[in-house]
Chemist: 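Below: one structure in C-alpha cells.
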Amino acid sequence: AANLFGASPDKIIGQKCHRFICPSMENCCPLCDLNMVIENSDRVILNSNAEEIPVLKTVKTVVINGEKKLLESFIEITERKKIELQLNESDIKKSALIKMLQDQDEKYRKIISNMQIGIVEVDQNYRVIYVNSQFCSMYGDDIDTIKAKLITDLFDSENAEIISTIINDTSDENINTAEISIQPAQGDRMWWLINSVAERNEDNIFLGCTFVILDISKQRQLQDTLMDAKQYAEKSAKAKELFLTNMSHEIRTPLNVIIGMIREIGKEKLSDSQKTYLKHSESSAYHLLSIINNVLDMSKIEAGEFLLD
C-alpha cells in the first residue's frame, strides 16, 4: 500500500483516509455514511504527488482486540483502464465507421433506386429478394408482386430459358450479357440489355445473382431505323449503278457507229472546210466516248468490280 501511495508508512499513518483513498467521497463515505458493500469496486486513490491511480477496492469489517476495524485491499488496475479506454475509443471509431457505412449504403441505395437502370437480386433458389423502383416501372408491376416470384417467372418461356442459361453459366467469367425482347404487363414491347453477375463460393456453388437491366428500346429503334436507311441507300446505289451502266451502254453503242461513220467519211474527197468540220466532229465524239467510259469505270469502282490493267 505504501508503494501504491508513494509514501512511507509514517507519512500515511494518522492521515484521514480520504487523503489517499476515494478523495471525491469525503463526507459521503460509501461505508460509514451510505452503508454500501465495497467488493472489487472501481475506485481512485491519490499518491503523494496527487496523481490519480485506478484500483479495485474491497473492504471487509474485522474485529481486532474487541474493536471493529475496516480492512481495505487494493489492486492497481491502471493497465486495465488503459486497455478499456483503448477499447472504448475503438468502439467509438467502430460505431462511427458502421454509421458511415450505413449512411453510404443508404446513399447508394437511393442512387440505385432512382437510376434509369433496373436492378434485381435473386437467391440460390432464383427467388427475387431485392428489386429497385426503376425495374418495377420498367416491368409494370409493384415490388411485392415481383418479389413473390422466381426470376424465371417474370419472363416468357424463351426469355426464361435465356435467363436460366446465363445463371447456370459456370465459366470463369461470372458476368454475362444478353439482349431480350419483352412484353411488359403494361405498354409496348421493349428491348432490354441484361447484365448478370453470379455469386459463387469456392466450390463454384451458386449462391445468388444480381441482374442489371437497361431499357435499350430507343437504341434498338434507332438501330432499326439506321438499318432501314442503310438498306435503302444500298438499293439506291444499286439502282444508280444499273442506270448508269445501262445508259452508258445505250449511248456508247450508237456513238461508236457515229465515230465509224466519221472515219469512213474522212476517206472521201473533201474540201478543206469539210475536213475541218469532220475533224472537230471526230474530236468531240471521242471526247464524249471518254466521258462515257469514265462513267462506266465509276460504276465499276462503286460496285467493287474495277480491275487495274
Side-chain angles (χ1 to χ4, degrees), residues 90-229:
S90 177
D91 287 341
I92 292 173
K93 292 180 180 178
K94 181 179 178 182
S95 298
L97 180 60
I98 291 174
K99 179 66 168 57
M100 183 184 70
L101 292 175
Q102 288 174 340
D103 291 343
Q104 288 182 345
D105 181 69
E106 181 65 22
K107 171 185 174 182
Y108 292 126
R109 283 195 174 272
K110 286 182 179 178
I111 292 174
I112 290 173
S113 296
N114 292 289
M115 288 173 63
Q116 299 302 309
I117 296 175
I119 296 179
V120 181
E121 292 181 19
V122 301
D123 60 17
Q124 65 270 28
N125 298 315
Y126 300 176
R127 187 165 299 281
V128 177
I129 57 176
Y130 171 79
V131 57
N132 70 342
S133 57
Q134 179 60 26
F135 179 81
C136 295
S137 177
M138 293 166 60
Y139 189 74
D141 217 333
D142 60 86
I143 291 178
D144 293 335
T145 301
I146 294 174
K147 290 181 69 174
K149 297 180 178 180
L150 301 178
I151 184 67
T152 49
D153 293 338
L154 299 177
F155 305 97
D156 57 34
S157 58
E158 181 179 352
N159 289 327
E161 184 176 349
I162 295 174
I163 297 298
S164 296
T165 299
I166 62 178
I167 287 178
N168 293 317
D169 185 357
T170 57
S171 60
D172 293 336
E173 296 184 0
N174 283 337
I175 300 177
N176 294 283
T177 302
E179 289 186 12
I180 64 172
S181 176
I182 181 172
Q183 178 61 55
Q186 300 176 2
D188 299 328
R189 178 166 286 276
M190 305 167 68
W191 277 95
W192 287 358
L193 175 64
I194 298 181
N195 288 290
S196 68
V197 182
E199 181 182 357
R200 302 179 185 277
N201 62 15
E202 60 275 8
D203 296 323
N204 207 28
I205 302 299
F206 178 76
L207 301 177
C209 189
T210 299
F211 294 90
V212 179
I213 303 166
L214 179 65
D215 181 2
I216 58 170
S217 302
K218 290 183 179 179
Q219 289 87 336
R220 283 299 295 253
Q221 184 179 4
L222 177 61
Q223 181 179 336
D224 292 341
T225 301
L226 291 175
M227 183 59 68
D228 291 341

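Being a predicted model, the structure only gives us computed values, none of them experimental.
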Chemist: For Lys149, I'd like to know if atom NZ has over 12 heavy atoms of other residues, nucleotides or ligands within 6.0 Å.
Modeler: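 More than 12 heavy atoms, drawn from other residues, nucleotides or ligands, come within 6.0 Å of this atom.
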
Chemist: So, for Cys136 and Ile143, which heavy atoms are closest and what is the spacing to 0.1 Å?
Modeler: SG-CG1, 3.2 Å

Chemist: For Gln221, is the CD atom crowded, meaning more than 12 foreign heavy atoms sit under 6.0 Å from it?
Modeler: no

Chemist: Look up atom NZ in Lys94 and atom CG in Leu101, then write down how far apart they are to the nearest 0.5 Å.
Modeler: 11.5 Å

Chemist: Above 12 or not: heavy atoms from other molecules or residues under 6.0 Å from CD of Gln219?
Modeler: yes

Chemist: For the side chain to side chain contact (heavy atoms under 4.5 Å, CB included) test, which of Ile163, Asn195, Val128 pairs with Phe211?
Modeler: Ile163

Chemist: Mind running salt bridge (charged side-chain N to carboxylate O under 4.0 Å, His left out) on Asp103 and Lys99 for me, showing each step along the way?
Modeler: CA-CA 6 Å; Asp103 291 343; Lys99 179 66 168 57; 2.9 Å; yes

Chemist: Hey, what's the ring geometry for Tyr126 with Phe206, parallel, tilted or perpendicular (30° and 60° as the breaks)?
Modeler: perpendicular

Chemist: Between Arg200 (side chain only) and Leu207 (backbone N and O only), is there a donor and an acceptor less than 3.5 Å apart?
Modeler: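 No; judged by distance alone, with no hydrogens or angles, the pair does not exist.
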
Chemist: Identify the two heavy atoms, one from Cys209 and one from Ser196, that lie closest to each other, and give their separation to 0.1 Å.
Modeler: SG-CB, 3.8 Å

Chemist: For Trp191, does its backbone N or O pair with a side-chain atom of Ser217 as donor and acceptor, under 3.5 Å?
Modeler: yes

Chemist: What is the minimum heavy-atom distance between Met190 and Met138, and which atoms define it?
Modeler: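 What the structure gives for the nearest pair is SD-O, 3.7 Å.
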
Chemist: Got a second to check how far Arg220's CZ is from Met227's CE, nearest 0.5 Å?
Modeler: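 Answer rounded to 0.5 Å: 9.5 Å.
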
Chemist: Using modelled atom types and a 3.5 Å cut-off, is there a donor and acceptor pairing between side-chain atoms of Asp142 and backbone atoms of Asp144?
Modeler: yes

Chemist: Could you tell me whether the side chain of Trp192 reaches within less than 4.5 Å of the side chain of Ile216, counting heavy atoms only?
Modeler: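 A side-chain contact is absent here, since even the closest heavy-atom pair is not under 4.5 Å.
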
Chemist: Any chance you could measure Thr177, atom OG1, to Leu193, atom CG, to the nearest 0.5 Å?
Modeler: 6.0 Å

Chemist: I'd like to check Leu226 versus Gln223 (side-chain heavy atoms, cut-off strictly below 4.5 Å). Are they in contact?
Modeler: no

Chemist: Compare every heavy atom of Asn125 with every heavy atom of Leu150, then report the nearest pair and how far apart it is.
Modeler: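 Shortest heavy-atom separation between Leu150 and Asn125 comes out as CD2-O, 3.5 Å.
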
Chemist: CD1 of Ile117 to CG of Asn132: how many Å apart, nearest 0.5 Å?
Modeler: 9.0 Å

Chemist: Examine distances only and state if a side-chain atom of Tyr139 and a backbone atom of Ile146 form a donor-acceptor pair shorter than 3.5 Å.
Modeler: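 Here the side-chain-to-backbone pair does not exist.
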
Chemist: Any side-chain heavy atom of Asn159 within less than 4.5 Å of one from Asp156?
Modeler: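 Yes, at least one pair of side-chain atoms sits under 4.5 Å.
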
Chemist: Around atom CD of Glu158, are there more than 12 heavy atoms from other residues, nucleotides or ligands closer than 6.0 Å?
Modeler: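 Open: at most 12 neighbouring heavy atoms sit under 6.0 Å from CD of Glu158.
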
Chemist: Mind checking the CD1-CD spacing from Ile151 to Glu121? Nearest 0.5 Å is all I need.
Modeler: 11.0 Å

Chemist: Give me the atom names and distance for the closest heavy-atom approach of Val131 to Lys147.
Modeler: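 So the two residues come closest at CG1-CG, 3.9 Å.
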
Chemist: How many angstroms lie between CD in Glu161 and CD1 in Ile180, if you round to the nearest 0.5 Å?
Modeler: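 If we round to the nearest 0.5 Å, Glu161:CD and Ile180:CD1 are 12.5 Å apart.
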
